Asks: 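Attaching a single structure in structure tokens format; questions to follow.
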Amino acid sequence: MDVSKLMFREGLMNDERILVTGGGTGLGREMAEGFLKLGATVYICGRRQNKLDETATELMEQHGGKVVAHACDIRDADAIHEMVDKIWVDGGALTGVVNNAAGNFISRTEDLSVNGFNAIADIVMRGTFYVTLDVGKRLIAEGKSASFLSILTTWVWSGSAFVVPSAMSKTAIHAMTQSLATEWGRYGLRFNAIAPGLFPTKGMSARLSPGGQGGNSKNDTNPMGRAGEMHELANLAVFLMGQGAEYVNGQTIAIDGAGYQANGGTFYPVLHALGDAEWEQMRAMIKGTNAKDKADRATE
Ligand code: HXC
């Protein structure tokens, strides 16, 4: 990310202690970098310790400050509890959580197994809730305020063909955002979400646009004629996580160049025309990526 394009003053986040799930790669890493650059202590978690360590080292080399990496699969509530214990021991209460970790792949729904559904729902819906619950309970007990931010998609308003487990799970977190914004507002805990349009990352492209032929591979119908730039996402995340915007609560804000209004922001237009052979080919590519990632995790 080009940090010179951050729109906030240095030191804005000096008092912030923020956990970014899925912070080792992709959008999570970019937001973590923005928070760090502005002074926050940042905790990142994900499934691959070596990737997290690499990210933490690189970010601290570039910007100074403190990034702490914890290997933690958010599908495991006990592992979350242990990690959050360590964070509290390291410096006390978090001031913010970014629920960014996610899993997704394009598939015709009739080709999904129960395991395939759960692989996504366990991360996106259940895992996000487990993190929120564990951190939320501690903050309530200690009377500390904090900001929770979840990374969603515009499918929470429209649904989306060919990514049904993701659309369902993200919609559940949209409901959590609105529900807890009201229920836990009295504790000084606020809940917002960002619905990013196309911000290309490696994990996303491999599973949503395998071989460049899948869902979100084209942005020529976006009114801005381009994909999002990472500093634009980071600026919105900083605004929602930092001091000064406490009255923003219960909102899901799209950052997609008005793609949602222009073209609906879903995969339907490209994917509905594909036949069996094309789906078979994409499934093989996605499973190859999944297997490679799994092998990377196993070698640690
Ligand atoms: C059908 C598939 C499949 C495919 C996996 N499965 N890929 N089914 N089509 N293409 C099935 C498997 O066959 C298996 O079911 C089950 O899913 C679990 O597969 P695993 O490989 O064992 O899963 P796991 O290792 O737990 O990996 C989870 C994952 C993977 C979600 C499948 O993609 C992952 O780790 N993703 C993390 C990174 C990521 O997805 N990033 C992109 C996020 S983009 P069976 O029945 O065979 O046992 C995003 C928002 C996009 O979230 C918004 C854009 C606008």
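For ligands, and for the atoms within them, numbers begin at 1 and follow the listed sequence. None of the values given here were measured: they were computed from a predicted structure.
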Asks: D293 near ligand 1, heavy-atom distance under 4.0 Å?
Replies: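 No, D293 has no heavy atoms under 4.0 Å from ligand 1.
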Asks: For ligand 1, is there an N or O atom under 3.5 Å from any N or O atom of K170?
Replies: no
Asks: Can R297 be said to touch ligand 1, with heavy atoms closer than 4.0 Å?
Replies: yes
Asks: Can M282 be said to touch ligand 1, with heavy atoms closer than 4.0 Å?
Replies: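 No, M282 has no heavy atom closer than 4.0 Å to ligand 1.
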Asks: How long is the straight-line distance from CG of L27 back to CG of N100, given to the nearest 0.5 Å?
Replies: 6.0 Å
Asks: Just distance, no hydrogens or angles: give the donor-acceptor pairs under 3.5 Å from side chains in residues 230-241, sequence neighbours left out.
Replies:
{"residue": "E232", "atom": "OE1", "partner": "R226", "partner atom": "NH1", "Å": "3.2"}
{"residue": "E232", "atom": "OE1", "partner": "E229", "partner atom": "N", "Å": "2.9"}
{"residue": "E232", "atom": "OE2", "partner": "R226", "partner atom": "NH2", "Å": "2.8"}
{"residue": "N235", "atom": "OD1", "partner": "M7", "partner atom": "N", "Å": "2.8"}
{"residue": "N235", "atom": "ND2", "partner": "K5", "partner atom": "O", "Å": "3.2"}
{"residue": "N235", "atom": "ND2", "partner": "H231", "partner atom": "O", "Å": "3.1"}

Asks: Counting both backbone and side chain atoms, is some N or O of K287 under 3.5 Å from an N or O of ligand 1?
Replies: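 For ligand 1, there is an N or O atom that lies under 3.5 Å from one belonging to K287.
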Asks: Just how far is it from atom OG1 of T266 to atom CZ of F162, taken to the nearest 0.5 Å?
Replies: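 Rounded to the nearest 0.5 Å, the OG1-CZ separation comes to 9.0 Å.
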Asks: Looking only at distances, can you tell me whether any N or O atom of N115, backbone or side chain, sits closer than 3.5 Å to an N or O atom of ligand 1?
Replies: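 The answer is yes, given that N115 and ligand 1 share an N or O pair closer than 3.5 Å.
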Asks: For A121, what residues pass the side-chain contact (heavy atoms from CB on, under 4.5 Å) criterion, not counting sequence neighbours?
Replies: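 side-chain contact (heavy atoms from CB on, under 4.5 Å) check on A121 returns F117, R126, S169.
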Asks: Looking at ligand 1, does any of its N/O atoms fall within less than 3.5 Å of an N/O of R283?
Replies: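 Between R283 and ligand 1, no N or O pair is found under 3.5 Å apart.
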Asks: Between ligand 1 and R108, can you find any atom pair, the residue atom being a heavy atom, that is separated by under 4.0 Å?
Replies: no
